[in-house]
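I have placed the structure first, in the form of structure tokens, so that the comments after it can refer back to it.
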Amino acid sequence: MRNEEQPSFTDVEYGNRRRVSRREQFLEAMEATIPWDRWVALIAPFYYDGKMGRKPKPLQTMLRMYLLQVWFSLSDEGVEDAIYDSYAMRKFMGLDFSVEQVPDATTLLHFRHLLEKHSLGEKLFQAQNEIFEEQGWIMRGGSIVDATIIAAPSSTKNATGTRDPEMHQTRKGSRGGQRRAKES
């Protein structure tokens with residue numbers, strides 16, 4: 001799965017940077033610290049065997065994608081996009097875009113549901129906290145805002161028939177808000 005034999009042009013280009021981002025430093029620390037074989041073995045008995053349907057993505061690939069989602073508070077679509085956009089995340093995933101693609105959001109959704117069904121997310125979270133405690137690390141929060149537009153019914157009314165004050169609508173590709181601002 002992980003292609004560490006021959007660096008890509010991107011690897012060479014990024015290797016010449018003067019500064020490594022905090023995200024990349026964090027992901028390198030996680031790469032070196034997480035007992036991957038143990039964590040994969042925890043999930044393996046429940047993972048899709050591929051006897052029917054699509055060929056399964058490698059379990060470690062899915063685990064890495066899930067961890068990125070949790071660590072950076074991203075939606076399924078958001079983590080897929082972030083991996084395409086971020087060299088540090090692509091490197092952590094061990095993906096070589098010349099031969100494979102990022103698992104899609106639906107594949108991640110199914111993986112998350114598998115972890116939830118068997119309470120594996122809690123076990124991984126406990127294992128991560130043990131690692132952080134052993135290393136004397138503190139996880140501080142940051143956030144990446146994910147403003148994904150999703151298809152939803154046009155009504156903003158809730159079960160009581162009143163409008164939800166936190167619900168907002170938009171139309172994908174619409175510039176109506178910009179027009180109104182110019183007219184004011």
Side-chain angles (χ1 to χ4, degrees), residues 1-8 10-50 56-97 99-146 148:
M1 175 200 116
R2 301 196 43 83
N3 183 5
E4 297 176 19
E5 297 169 10
Q6 183 174 355
S8 68
T10 304
D11 294 332
V12 172
E13 177 185 13
Y14 272 83
N16 289 327
R17 295 170 296 156
R18 294 179 188 252
R19 183 179 167 283
V20 176
S21 70
R22 280 181 267 152
R23 175 188 291 168
E24 189 171 356
Q25 290 172 357
F26 170 76
L27 293 175
E28 287 174 354
M30 293 299 95
E31 176 67 41
T33 308
I34 290 175
W36 293 106
D37 292 338
R38 196 169 10 155
W39 285 21
V40 166
L42 177 72
I43 302 166
F46 308 101
Y47 195 58
Y48 174 63
D49 60 14
K57 295 289 184 183
L59 176 51
Q60 194 171 134
T61 299
M62 295 310 303
L63 175 58
R64 287 170 180 275
M65 189 173 185
Y66 170 76
L67 291 173
L68 289 174
Q69 180 179 41
V70 171
W71 291 333
F72 296 102
S73 302
L74 298 168
S75 68
D76 296 336
E77 292 84 5
V79 73
E80 181 183 356
D81 288 344
I83 294 165
Y84 279 115
D85 287 343
S86 167
Y87 172 77
M89 288 185 174
R90 182 193 65 80
K91 181 178 164 190
F92 178 77
M93 290 287 296
L95 295 176
D96 178 353
F97 289 158
V99 293
E100 60 190 325
Q101 296 297 308
V102 175
D104 64 26
T106 303
T107 303
L108 179 60
L109 171 74
H110 293 303
F111 184 75
R112 274 192 312 102
H113 287 174
L114 172 104
L115 296 180
E116 291 164 5
K117 179 180 178 183
H118 300 286
S119 302
L120 298 172
E122 291 86 1
K123 291 176 184 172
L124 291 172
F125 184 69
Q126 288 169 350
Q128 174 187 291
N129 285 341
E130 289 170 12
I131 289 170
F132 280 32
E133 193 172 303
E134 288 169 11
Q135 299 291 329
W137 294 339
I138 298 172
M139 183 79 143
R140 291 189 308 195
S143 62
I144 298 173
V145 177
D146 180 7
T148 305

Inset, instruction - Step through it carefully: locate the ring centre of W71, locate the ring centre of F92, and say whether they are under 6.0 Å apart. - result: yes
Inset, instruction - Would you confirm whether Q69, through its side chain, and L74, through its main-chain N or O, come within 3.5 Å as a donor-acceptor pair? - result: yes
Legend entry - Any side-chain heavy-atom pair of I131 and M30 under 4.5 Å: no
Legend entry - From F125 atom CZ to L115 atom CG, the distance as rounded to the nearest 0.5 Å: 14.5 Å
Legend entry - Polar side-chain atom of R90 near backbone of L95 as donor-acceptor pair, under 3.5 Å: yes
Inset, instruction - For the pair T33 (side chain) and A29 (backbone), establish whether a donor and an acceptor sit closer than 3.5 Å, ignoring hydrogens and angles. - result: yes
Inset, instruction - Looking only at non-hydrogen atoms, find the nearest pair between M65 and D104 and report the distance. - result: CE-O, 4.4 Å
Legend entry - Point-to-point distance, once rounded to the nearest 0.5 Å, from OH of Y66 to CZ of R112: 8.0 Å
Inset, instruction - Report the distance from atom OH of Y87 to atom OG of S21, rounding to the nearest 0.5 Å. - result: 10.5 Å
Inset, instruction - Check whether any side-chain heavy atom of V79 lies under 4.5 Å from a side-chain heavy atom of V102, and answer yes or no. - result: no
Inset, instruction - Report yes if the side chains of E80 and P103 come closer than 4.5 Å at any heavy-atom pair, otherwise no. - result: no
Legend entry - Sub-4.5 Å side-chain heavy-atom contact between I43 and L124: yes
Legend entry - Partner set under ring pair (Phe, Tyr, Trp, His ring centres under 6.0 Å) for Y84, not counting sequence neighbours: F97
Legend entry - Pair K91 + E31, salt bridge at N-O below 4.0 Å: no
Legend entry - Min side-chain heavy-atom separation L27-E24 under 4.5 Å: no
Legend entry - Gap separating the CD1 atom of I83 from the CE atom of M93, nearest 0.5 angstrom: 4.0 Å
Legend entry - Within 45° cone of W39 ring axis and under 6.0 Å: R64 NZ or CZ: no
Inset, instruction - Look up atom OH in Y47 and atom CG in L120, then write down how far apart they are to the nearest 0.5 Å. - result: 13.0 Å
Legend entry - E77 side chain to A105 backbone, donor-acceptor under 3.5 Å: no
Inset, instruction - Would you give the length of the straight line joining atom CD of E122 to atom CD of E116, rounded to the nearest 0.5 angstrom? - result: 8.5 Å
Inset, instruction - Could you pull out the closest heavy-atom pair between R23 and S86, with the gap in Å? - result: NH1-OG, 3.3 Å
Legend entry - Exercise: identify the closest heavy-atom pair between T107 and K57: CG2-CG, 4.2 Å
